[in-house]
Amino acid sequence: MEKVFNSSAVEAKIYEKWERSGAFQPKKPKSPKQPFCIIMPPPNANEDLHIGHARFVAVEDILTRYHRMKGEPTLWLPGADHAGIETQYVFEKKLKDEGKSRFDFDRETLYQMIWDYSMEKKSRMESQLRALGASCDWTRNKFTLDPAIIKIVYRTFKKLFEDELVYRGNRLVNYCTHCGTAYSNLEVDHVERTDPLYFMKYGPFTLATVRPETKFGDTAVAVNPKDKRYVEWVGKEIEVKGLLGKFKIKVIADGAVDPEFGTGVVKVTPAHDSVDWEMGRRHNLEVKQVIGLDGRLNEKAGRYQGLTVKEARRMVAEDLQKAGLLEKVDENYRHSVAVCYRCKSVIEPLPMEQWFLKVVPLVKKALVAMGKGEVKFTAKRFDKIARHWYANLYDWNISRQIVWGIRIPAWKCGKCGEWTITAGETPDRCSKCKSKEITQDSDTFDTWFSSGQWPFATLQTSQKGDFEFFYPTSLMETAYDIIPFWVIRMIMLGLYETGKVPFREVLIHGLVRDKEGQKISKSKGNVIDPLVMVERYGADALRMGVVWGAKVESDIALSEENIRGQRNFANKIWNVARFVLMETNLKSKILNLKSKNKDDQWILKEIKTTIEKVTKALDTYRPNEAVEELYEFVWHRFADIYLEKTKSRRAEAQPTLELVLKESLKLLHPFMPFVTEAIWEELGEKEMLITSPWPKA
RNA sequence: GGUCAGGUAGCUCAGUGGUUAGAGCUCUCGGUUUACAUCCGAGUGGUCAGAGGUUCGAAUCCUCUCCUGACCACCA
């Protein structure tokens, strides 16, 4: 054996040996044991793995290897996400660097270009998962754009439509004029900003607004019903002198108006503000759209037509001033503005026809299942967070105006206007009037609509019998920031489509931060590349580093010193083995361990305790506790104390040394698979460590 | 405005009713030809945020206060 453990020389070979042997595939046949199954949260097929991925890989792989060693039929199913808008955004940035844009290509060409780009990233990502030691079953690898997966998504959509849970609605949506698509409420960020608050004269009133440019879309003026100042006006029409001449407008009373804010009077623009939209619905107001998808004012804005929102705001303010209609401007008004989570452009609320999913009936079922404990969050607080999200879910806009994704299987009739929905096949005529003038909706599904079906979609399209055997899966392990996007939707759609929850338990992991506890970001320059760490210290050390020192649910502060320390631990294990193997001939194995020696008895008792502690820690999802116990046991009790003491009576202690070493390797294997398997090989064992039985206390 | 999490050694964090509160890193001193300097031994370092309560016993359970962080919300 080498003097030090050389991770980079052996890791790839060991991984290949595992994969080739079929060890990653579940041993299904007639095992009486309950299966263990994790569906991997599919990483985006548009980027390299970052340090956060390393954490989930470590946690899921630890659990997978542990259950596999316990003899359970174990499946960890890998996959990749096409990540609709994310990938298209990344790709468009690349196009921009090349001096091109998405408008230079037709739909098919653009799709193919993104496909090629995504495939390249995907295979890179997969090799990175291998480098981290992920023991997932590659023979069952899935991609969200696999034809079989798409078929499932279509099937669900059609069923939802037939059950009247999906509808075509003209509603106010969050539109990003830069990305050219609408978003769900979850994909909108809010940022604090200072903007001028304009106090403008409006007939007999003065009212405050930050958006004077939308005044051409006003269809009412509102006050609070309890506001005594304006009670005489309610229900009447007022005449207003505006920039485009005089017009008449209704005064309404609505509880949504805060009498304390500004003057207590507000202009109502249903087409461009969500509060106003709701007010408009309550009072049957006309929806007058003055801003288009291009983010510019339209013909209804008279001479302001063609201006961008920003330009129009300045000009309208100036003109109001000139016309004597501007009373004052508060330049220090702080408020929050909705921006695109991707490109940070200001979101324009616009009325648009989109596909919506009614969430309330689905939410009800999800809450029932949670109440019955059919799906449990391992930490109570995430249960609360999930419930909070369910309580605040609105109908979900599932249409996106991008090409990278699953195209919606809906065809509109040019004659009668009716929609024809199919499970993917192209219809030849309208289902209502039989006209042949039908055209497919150009939109694609929100990525989360398809990934919300991931657990059953993957298993139903995997090997025969997988769905029946593994569903509901044992555990969903994922990050807390995607609870609202993904976890709660998987529960909703899983229950809807299969009648069962998609997983029995949810384990939520925290973020990986830098050693000062700062959030990792490119702009801060504190990124830690997991593959560089693997190269430098070995995959085992990195895996230990992202598990060490904090509960799974907490954020973790990761330092390179820590990873280095774990590399040293891997080397320590290696040298313990070297010591044990050094002066002995393993063929003279003595299996009888009735040693009367006090030290032998002590270490045997110690490892028994360690087996108990590690097993319990893994059963309760506390790999951090398991890891600290192992570190303490192997390094300090086994190596520093026991092993030192055997030096004076080496031959006698040899059987105990061997036994404790082997048991230690088994316990360490889920956490540090490479170094332990490498030593196992040196021991000359026939069976690989990865499929060896878990020790019994 | 609402919700959630956290405050334990210099730093990053474990520990949730039971001896004298722990680990890693850091720091100080000493050692080491003989498995490993990616090493070994010894040591420094804590009013467990604060106050009150429950208990034979509280870092741990309850109440209040202070501080930090995150998230949500239709602040015109």
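Bear in mind the structure is a predicted one, so any value in this text is a computation, not a measurement.
Taking only side-chain atoms of A/Tyr333, from C-beta outward, the nucleotide of B/A14, B/A76, B/C36 with the closest atom is B/A76. Closest contact between the side chain of A/His388 and the listed nucleotides B/C4, B/A35, B/C72 involves B/C72. Listed nucleotides B/C36, B/A73, B/C40 differ in distance to A/Asp640; the shortest reach to its side chain belongs to B/C40. Proximity note for A/Trp389 (side chain, C-beta onward) versus B/C72, B/A76, B/A23: the nearest is B/C72. Nearest to the side-chain atoms of A/Ser554 among the listed nucleotides B/A35, B/A76, B/A14 stands B/A14. Nearest nucleotide to the side chain of A/Arg381, out of B/A23, B/A5, B/C36: B/A5. Among B/A76, B/C36, B/C4, the nucleotide with an atom closest to any side-chain atom of A/Asn571 is B/C36. The side chain of A/Arg578 lies closest to B/A35, out of B/C39, B/A35, B/C25. Here the nucleotide nearest the side chain of A/His636, chosen from B/A14, B/G24, B/A35, is B/G24. For A/Arg567, counting side-chain heavy atoms from C-beta on, the closest listed nucleotide (B/A5, B/A35, B/U38) is B/U38.
Contact annotation: A/Lys572 side-chain N/O to B/C40 OP1/OP2 distance is under 4.0 Å. Using a 4.0 Å cut-off, no side-chain N or O of A/His335 falls inside it from OP1 or OP2 of B/A73. Proximity of A/Tyr480 to the phosphate of B/A5: no side-chain N or O atom is located under 4.0 Å from OP1 or OP2.
Nearest-nucleotide positions on RNA chain B for A/Val576 and A/Glu625 put A/Glu625 closer to the 5' end.
Residue A/Ala570 is out of contact with every strand shown, counting any heavy-atom pair closer than 4.0 Å. Residue contacts shown for A/Ala550 are limited to sugar-phosphate atoms, with no base heavy atom under 4.0 Å away. A/Val4 comes within 4.0 angstrom of a nucleotide base, judged by non-hydrogen atoms across all strands. Heavy atoms of A/Lys3 sit under 4.0 angstrom from primed sugar atoms or phosphate atoms, though from no base atom. In this structure, A/Glu2 reaches neither bases nor backbone, as no heavy-atom distance under 4.0 Å exists between it and the strands shown. In this structure, A/Tyr631 reaches the sugar-phosphate backbone alone: every heavy-atom distance under 4.0 Å involves primed, P, OP1 or OP2 atoms, never a base.
For the pair A/Arg489 and A/Trp396, the distance from NZ or CZ to the six-membered ring centre is under 6.0 Å and the angle to the ring normal is within 45 degrees. Figure legend: cation-pi geometry between A/Arg171 and A/Phe356, with NZ or CZ positioned under 6.0 Å from the six-membered ring centre and within 45° of its axis.
Ring planes of A/Tyr341 and A/Tyr183: perpendicular class, angle over 60° (limits at 30 and 60°).
Between A/Lys215 atom NZ and B/A76 atom P there is a gap of 19 Å when expressed in whole angstrom units. Taking atom CZ of residue A/Arg564 and atom C1' of nucleotide B/C25, one finds them 10 Å apart after rounding to whole Å. Atom-to-atom, CG of A/Asn624 to C1' of B/A23 comes out at 11 Å; the value is rounded to the nearest Å. Look at CZ on A/Arg193: it is 14 Å from C1' on B/C75, rounded to the nearest Å. Following rounding to the nearest Å, A/Trp548 (CH2) and B/A23 (C1') show an atom-to-atom distance of 6 Å. Atom pair A/Ile508:CD1 and B/A5:C1' shows a separation of 14 Å (rounding to whole Å applied). Rounded to whole Å, the distance from CZ on A/Phe633 to C1' on B/G24 is 19 Å. Rounded to whole Å, the distance from CD1 on A/Ile556 to P on B/G69 is 21 Å.
Against RNA chain B, the stretch residues 250-265 of chain A makes heavy-atom approaches under 4.0 Å through A/Val257, A/Asp258, A/Phe261.
For the C1' atom pair drawn from B/C11 and B/A73, the interatomic distance equals 37 Å after rounding to whole Å. Across B/A59 and B/G18, the matching C1' atoms stand 13 Å from one another, rounded to whole Å.
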>> Between A/Thr378 and A/Glu505, does the side-chain hydrogen bond (donor to acceptor under 3.5 Å, both in side chains) criterion hold? Intermediate values first, please.
In response: CA-CA 7 Å; A/Thr378 62; A/Glu505 289 194 281; over 6 Å; no
>> One pair to check against salt bridge (charged side-chain N to carboxylate O under 4.0 Å, His left out): A/Glu560 and A/Arg536. What are the steps and the verdict?
In response: CA-CA 10 Å; A/Glu560 192 163 340; A/Arg536 216 172 273 170; 2.8 Å; yes
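Using Watson-Crick or G-U wobble geometry with both donor-acceptor distances under 3.5 Å, B/C61 finds its partner in B/G53. Shown here, B/A14 forms no base pair; nothing in the strands shown gives a Watson-Crick or G-U wobble contact with both key distances under 3.5 Å. In a base pair of the Watson-Crick type (N1 to N3 plus N6-O4 or O6-N4) or a G-U wobble (N1-O2 and O6-N3), with each distance short of 3.5 Å, B/U44 is matched with no nucleotide. B/U33: no Watson-Crick or G-U partner with both key distances under 3.5 Å is found in any strand. For B/U3, the paired nucleotide is B/A70, the pair qualifying as Watson-Crick or G-U wobble because both relevant distances are below 3.5 Å. Across every strand in view, B/A9 sits unpaired, with no contact that passes the Watson-Crick or G-U test at under 3.5 angstrom.
In this structure, A/His272 contributes its side chain and A/Ile291 its backbone to a donor-acceptor pair below 3.5 Å.
A/Val221 pairs with exactly one of A/Val265, A/Val257, A/Val240, A/Val268 by the side chain to side chain contact (heavy atoms under 4.5 Å, CB included) rule, that one being A/Val265. For the pairing with A/Phe638, the side chain to side chain contact (heavy atoms under 4.5 Å, CB included) check across A/Ile607, A/Leu630, A/Thr610, A/Val660 returns one residue only, A/Val660.
No hydrogens or angles considered: nothing links the side chains of A/Asp330 and A/Tyr198 as a donor-acceptor pair under 3.5 Å. With 3.5 Å as the limit, one finds no donor-acceptor pair spanning the side chains of A/Thr269 and A/Lys288. With no hydrogens or angles considered, no side-chain donor-acceptor pair links A/Arg513 and A/Asn526 at under 3.5 Å.
Applying the 3.5 Å distance criterion, the base of B/C4 shares no donor-acceptor pair with the side chain of A/Lys384. No hydrogens or angles were tested; on distance alone, a donor-acceptor pair under 3.5 Å links the side chain of A/Glu644 to the base of B/A35.
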